[in-house]
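Scroll down for the structure; my scribbles are underneath it.
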Amino acid sequence: MVELQPSRFVAIGECMVELSVAGEGLYRRGFAGDTFNTAWHFARHAPAGWLSAYLTALGTDEMSEEMLGFLAASGIETNAVRRIEGASPGLYMIHLKDGERSFSYWREMAAARRLAADESHLEEVFASGDAFYFSGITLAILPEEDRARLIDHLGAAKARGKMVAFDPNVRPRLWPDMATARRAVEAAARVSTLLMPSFDDERATFGDETSRATAARYRALGVAEVVVKDGASAALVSWDGGREQIPSIPPAEIVDTTGAGDSFNAAYLAARLKGAGPVASAIAGHRLASRVVGGHGALVG
């Protein structure tokens, strides 16, 4: 009897050490990051026969080992993690004031910035992957040469008929200037089969006046399917078969909106890989996001 090999959903990006307030002068340590959050949720909603894997880079220090163990314990395959001697993960701290969150980051020397520096490592990962997911944050942390290398591999994956999903997730503070950010996002869109932008980001970055304008702009770049998220408002899905607004699903209580978009993306992608259509997949995305905002943090089961 021939043993079937599992299919691999490969999320690409940075997982960081998270410090959140746990009491007066005390902080709780966790692990988080936009594409990592999506990989975590995908692992819990994956179609039969699919694995969730994560392409990043970690060091060889104790914190890197703990993070690697956390990935494995979360059901995320770690074979795609590149190890760099002497490097460490990035770190961020959450500050709370009057219920509002702000962040401080320490990531300039993070190992994840070199996740695409090794051509042979990328070749191995892309040869074994069946669907790929990345974000604008993934692109922003990479040196220009490595960013181009990663985009080339994603384009080759698209040419082979693989799903290539991209959330632009534009964070201006990570880019040297917005012109560079716009060029990188457009280059990434051209090698993607599915775009999952947030309308607020697109309006700020590209000046879009409506979610329809966002979808039309990306469709014009050759993207077959675009899902424009808009917070608690309806998501717009545009694909070759049509265009439809999908209302969100209000939670019983909003506790923490962290990771809502990341969880939406995971449920949407899992549903599409199960064979569901864009509308049913958007409903699945809203359903999971509604549950996530009803709990603390991005990793709500």
Side-chain angles (χ1 to χ4, degrees), residues 11-41 43 52-78 80-97 99-118 121 133-143 146-147 150 167 169-176 181 201 256-263 265-266 292 295-300:
I12 307 168
E14 180 180 27
C15 184
M16 302 183 73
V17 179
E18 176 190 83
L19 297 180
S20 58
V21 176
E24 186 64 33
L26 299 176
Y27 284 85
R28 179 183 299 108
R29 197 237 28 222
F31 300 112
D34 66 334
T35 56
F36 167 73
N37 299 340
T38 297
W40 190 93
H41 284 290
S52 182
Y54 200 53
L55 168 55
T56 191
L58 292 175
T60 54
D61 61 325
E62 184 175 349
M63 190 58 70
S64 293
E65 292 294 340
E66 291 185 19
M67 185 180 290
L68 194 69
F70 182 75
L71 265 67
S74 299
I76 299 171
E77 190 178 68
T78 60
V81 176
R82 183 183 178 217
R83 307 301 300 275
I84 301 173
E85 185 69 35
S88 301
L91 178 148
Y92 71 96
M93 181 181 293
I94 301 172
H95 308 284
L96 286 174
K97 183 177 181 180
E100 294 296 323
R101 294 158 59 99
S102 61
F103 303 86
S104 296
Y105 290 90
W106 294 266
R107 74 196 318 171
E108 285 302 312
M109 302 302 293
R113 297 176 67 88
R114 289 181 272 172
L115 69 86
D118 187 321
H121 181 75
Y133 170 75
F134 67 115
S135 77
I137 293 177
T138 308
L139 300 178
I141 66 171
L142 300 179
D146 293 357
R147 186 186 308 144
L150 178 62
D167 182 344
N169 204 3
V170 180
R171 295 295 177 264
R173 67 188 296 174
L174 294 178
W175 293 97
D201 289 350
D256 184 353
T257 59
T258 303
D262 304 332
S263 63
N265 292 353
V292 167
H296 290 282
L299 308 182
V300 177

Between F70 and F31, how do the two ring planes meet: parallel, tilted or perpendicular, split at 30° and 60°?
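The rings of F70 and F31 sit tilted, inter-plane angle from 30° to 60°.
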Grab the two heavy atoms, one from [X] and one from [Y], that are nearest each other, plus how far apart they are.
{"X": "A111", "Y": "A57", "result": "O-CB, 3.2 Å"}
{"X": "T78", "Y": "A72", "result": "CG2-N, 4.0 Å"}
{"X": "C15", "Y": "L71", "result": "SG-CD1, 4.4 Å"}
{"X": "P89", "Y": "M67", "result": "CB-CE, 3.7 Å"}
{"X": "A112", "Y": "G13", "result": "CB-O, 4.4 Å"}
{"X": "T60", "Y": "G86", "result": "OG1-N, 3.4 Å"}

Spacing of [atom1] belonging to [X] relative to [atom2] belonging to [Y], to within rounding of 0.5 Å:
{"X": "R82", "Y": "D118", "atom1": "CZ", "atom2": "CG", "result": "4.5 Å"}
{"X": "M109", "Y": "R114", "atom1": "CE", "atom2": "CZ", "result": "7.0 Å"}
{"X": "I12", "Y": "F36", "atom1": "CD1", "atom2": "CZ", "result": "15.5 Å"}
{"X": "H41", "Y": "S74", "atom1": "NE2", "atom2": "OG", "result": "10.5 Å"}

So, do [X] and [Y] sit near enough that their side-chain heavy atoms are less than 4.5 Å apart?
{"X": "L55", "Y": "F134", "value": "no"}
{"X": "L142", "Y": "L115", "value": "yes"}
{"X": "W106", "Y": "M93", "value": "yes"}
{"X": "Y92", "Y": "E18", "value": "yes"}
{"X": "L91", "Y": "L19", "value": "yes"}
{"X": "R83", "Y": "H121", "value": "no"}
{"X": "E66", "Y": "V17", "value": "no"}
{"X": "R113", "Y": "E108", "value": "yes"}

May I ask you to decide if [Y]'s main-chain N or O and [X]'s side chain share a donor-acceptor pair within less than 3.5 Å?
{"X": "S64", "Y": "L58", "value": "no"}
{"X": "S52", "Y": "A39", "value": "yes"}
{"X": "R171", "Y": "I137", "value": "no"}
{"X": "R147", "Y": "L139", "value": "yes"}

Is there a side chain to side chain contact (heavy atoms under 4.5 Å, CB included) between D262 and W40 once you walk through the steps?
CA-CA 10 Å; D262 304 332; W40 190 93; over 6 Å; no
Among L174, D34, T35, which residue satisfies the side-chain contact (heavy atoms from CB on, under 4.5 Å) criterion with N169?
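That would be D34.
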Can you see whether T38 engages N265 through a side-chain donor-acceptor pair at a distance of less than 3.5 angstrom?
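N265 and T38 do not have a side-chain donor-acceptor pair below 3.5 Å.
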